[in-house]
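The chains referred to below are lettered A, B, ... by the order of the sequence lines, with proteins before strands, and numbering in each begins at 1. Note that the coordinates shown come from a computational prediction; the quantities given were computed from them, not determined experimentally.
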2 protein chains.
Amino acid sequence: MTNRSVGIKEVAVAAGVSVTTVSHVLNDVKYARISPETRDKVKSAAEHLGYGPNRLAQALRTQRTGMLGLVSEDIATTPHAGRIILGADEAARARGYNLMIINTSGSASSESRDADVEALLERRVDGILYATMYHRQVQVPVNLGSVPSVLVDSVSIGGSITAVVPDEEGGARAAVGILLAAGHTRIGFLNNTDDVPATRDRLRGFRATLTEAGLDGDAAPVESEISEVQGGYEAARRILARPDRPTGLFCYNDRMAMGAYRAAAELGLSIPADLSVVGFDDQELIAANLYPGLTTVALPHYEMGAWAAGNLIDAIEGKTDLALMALHPTILDCPLVARDSVAAPPP
Amino acid sequence: MTNRSVGIKEVAVAAGVSVTTVSHVLNDVKYARISPETRDKVKSAAEHLGYGPNRLAQALRTQRTGMLGLVSEDIATTPHAGRIILGADEAARARGYNLMIINTSGSASSESRDADVEALLERRVDGILYATMYHRQVQVPVNLGSVPSVLVDSVSIGGSITAVVPDEEGGARAAVGILLAAGHTRIGFLNNTDDVPATRDRLRGFRATLTEAGLDGDAAPVESEISEVQGGYEAARRILARPDRPTGLFCYNDRMAMGAYRAAAELGLSIPADLSVVGFDDQELIAANLYPGLTTVALPHYEMGAWAAGNLIDAIEGKTDLALMALHPTILDCPLVARDSVAAPPP
DNA sequence: GGACGTGGGAGACCAATGACCAACAGATCA
DNA sequence: TGATCTGTTGGTCATTGGTCTCCCACGTCC
């Protein structure tokens, strides 16, 4: 139990040696030649007094704080940020680093974002993780470049910062794939209306997978609405009113899928007997709690956080070069999470 | 934009003064008598060089880091932690403090919890916020006492640490109140089976409010299950199968309410026409997205985080005495969030 | 009696803060 | 009228808790 009032000096006095020796012993400095007896004296004195190193002083001298700054958007709005934080925290702690977290609003001005990074820089973090709430392009704060940095769930507009993002297209392919595997041939897509990478990439994955399966991907029904429950409901009502009603629905996210559930219920369609549904995001609160459980595609937030922290630390410790990795964003897998909303199409 | 390589010394040279003067000017030291001209010279030199203070060095010298440690349970599991973090971050930043966050598992060993606090102590945080995921009693790490600390959403077993918790009973009263106000007289409670303060206090609030309204609170129907969707479903099936079927249901949380929705749908009961439902927690993802929107009671996570950070800083700065406040936990209001799941009982 | 090996210490340094001191001006005093 | 006062302006230097680069003392070996 660290006693804030005892420093290396007190330990030195108690052990009857110099501070240099204490430092050498406690840090296991390789070139230091200290007798085993002296080592023991120092160690037991340190333990006895409840010595704990002052990381501030260490950092000042070594120019290494062992702290990573994490600026995250809208921490409280979705559980996504929590996953990123958790992944980053575990990866960081495994290597002796800690996280300093600053929350920023998705709608914050660029000055306020600059100030956030400034605060981190003044505290001399060794590197910065910059996380957004959903996959998109961002204009990164100018001062972000002054220290090793990694973007999480976004790519920088200039493309100059190393980034890690989800494999949107691959996720869509997995979603459509499970519907195809169940035997569906009339598959529709409830898409988002925002012009973000996820919208485009998931649509591409949707069409491509159908085409590769020998269906007409370009003609497959797609209805777009804002990506909320109500939008999903409306889009589902429209798509299910088509003459060639789809038997399988791929939804842009779990919230839209929740709307599709309601539309299906109103139309007397039972899931999955009459209609199979696949979501995206794996928001546990929704996906696991809908009835029947929603088969969906998980976004790798934990993994992105861990990857980002791990590679940031590698760069800080000179093991890798972030500039090289900045050329192309790293793409992480979006695994399918099978629950109970997919079955064979009705005969 | 902070330039890591320029310190107070470089500024001093550029301005043609001593480091002391630079320090005095930049910190607006009251007793320092420096001519306006010199001040200008220093300030413009600092700006020019992109000087930013080294908070590490400041902290070492002043014995104040301006950092608050936050150890939070299960950051990624619920959105609750995010709210606490956000509240604490905003309150802290408003007063010039930043947050160092460490995640801990709800099931972590006490050694691992001690180690978490140790890490914070070695970094010389000025104070510690210890947040749990749900309202309960905790055995706090022993070393927590060595620095000002506040418990968020829990109380310590010895009662020795200042704590802030939600007004569970008041929330239950508000929930039952809105059902009474709508005209219901047969009101049931779907309770949790865990033996935690929330379970007991909400039940007490439920019964007391009914009794105070002239009904028989002690005889009111209560069904307990684990506080998940499935548990809510089962408890609702049971309570709705009673001969004197309730027309209003108060649910331990929004997940159980979600189960009640399904039970109602299966029984052909329309919400709110045939059955009114009130939840607890205000998990937006669920409450706002169910159909109809769920009227519920919000837990003040943001407010608890902000209260904790604010009072912790007051204590650090000597404005208040935490020991005095440790006598009784501070109780924060749980406001009712009205949506569309409550109406008058069927005739 | 130099070379070498062993065990350990001195002191500069990291980037600030802050108590106290110094230099110089004009003012006051005997 | 020279000496002391006093207010203004700003500098000196120790200090914070470590780390790290020399450097020294003492044996011993050939």
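Screening residues 80-89 of chain B for salt bridge (Lys or Arg N to Asp or Glu O under 4.0 Å) gives D89(B)-R93(B) as the qualifying pairs, with residues at least two apart or on separate chains. Applying the salt bridge (Lys or Arg N to Asp or Glu O under 4.0 Å) test to every pair with at least one member in residues 127-139 of chain A, sequence neighbours left out, gives these pairs: E73(A)-R136(A). Screening residues 85-134 of chain B for ring pair (Phe, Tyr, Trp, His ring centres under 6.0 Å) gives no qualifying pairs among residues at least two apart or on separate chains. For residues 40-60 of chain A, the set of pairs meeting the salt bridge (Lys or Arg N to Asp or Glu O under 4.0 Å) definition, not counting sequence neighbours, comprises R55(A)-E122(B).
One finds a side-chain N or O of Y31(A) lying less than 4.0 angstrom from the OP1 or OP2 phosphate oxygen of dT21(D). For dG18(D), neither phosphate oxygen OP1 nor OP2 lies less than 4.0 angstrom from any side-chain nitrogen or oxygen of Q58(A). A close approach under 4.0 Å does occur between a side-chain nitrogen or oxygen of S35(B) and OP1 or OP2 of dG10(D). In terms of phosphate contacts, Q63(A) brings a side-chain nitrogen or oxygen within less than 4.0 Å of OP1 or OP2 of dA15(C). At the phosphate of dT19(D), OP1 or OP2 sits under 4.0 Å from a side-chain N or O atom of N27(A). The phosphate of dG18(D) (OP1 or OP2) has a side-chain N or O of Y51(A) nearer than 4.0 angstrom.
Nucleic acid contact for L60(A): base, since at least one base atom lies under 4.0 Å from a heavy atom of the residue.
Regarding R64(A), its CZ atom lies at a distance of 12 Å from the P atom of dC20(D), rounded to whole Å. What separates CZ of R55(A) from C1' of dT19(D) is a distance of 14 Å, to the nearest Å. Note: CG (L56(B)) to P (dG18(D)) measures 14 Å, nearest angstrom. With rounding to whole Å, K41(A) atom NZ is found 13 Å from dG7(C) atom P.
The closest side-chain donor-acceptor pair between T65(A) and D126(A) falls under 3.5 angstrom.
A heavy atom closer than 4.0 Å to some atom of DNA chain C occurs in T20(B), these being the qualifying members of residues 9-21 of chain B.
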Pair up each side-chain donor or acceptor in residues 56-63 of chain A with any protein partner under 3.5 Å, not counting sequence neighbours, and list the distances.
residue: T62(A); atom: OG1; partner: Q58(A); partner atom: O; Å: 2.8
residue: T62(A); atom: OG1; partner: R64(A); partner atom: N; Å: 3.4

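Nearest nucleotide to the N54(A) side chain, out of dG17(D), dT21(D), dG18(C): dG17(D). Checking dG8(C), dG17(D), dA16(C) against every side-chain atom of R33(A), the shortest atom distance belongs to dG8(C). Checking dA12(C), dG18(C), dA15(C) against every side-chain atom of H24(B), the shortest atom distance belongs to dG18(C).
Taking the six-membered ring for Trp and thresholds of 30 and 60 degrees, H301(A) and H80(A) have nearly parallel ring planes, at less than 30 degrees apart.
Map I34(B) and V6(A) each onto its nearest nucleotide of DNA chain D; the residue landing nearer the 5' end is I34(B).
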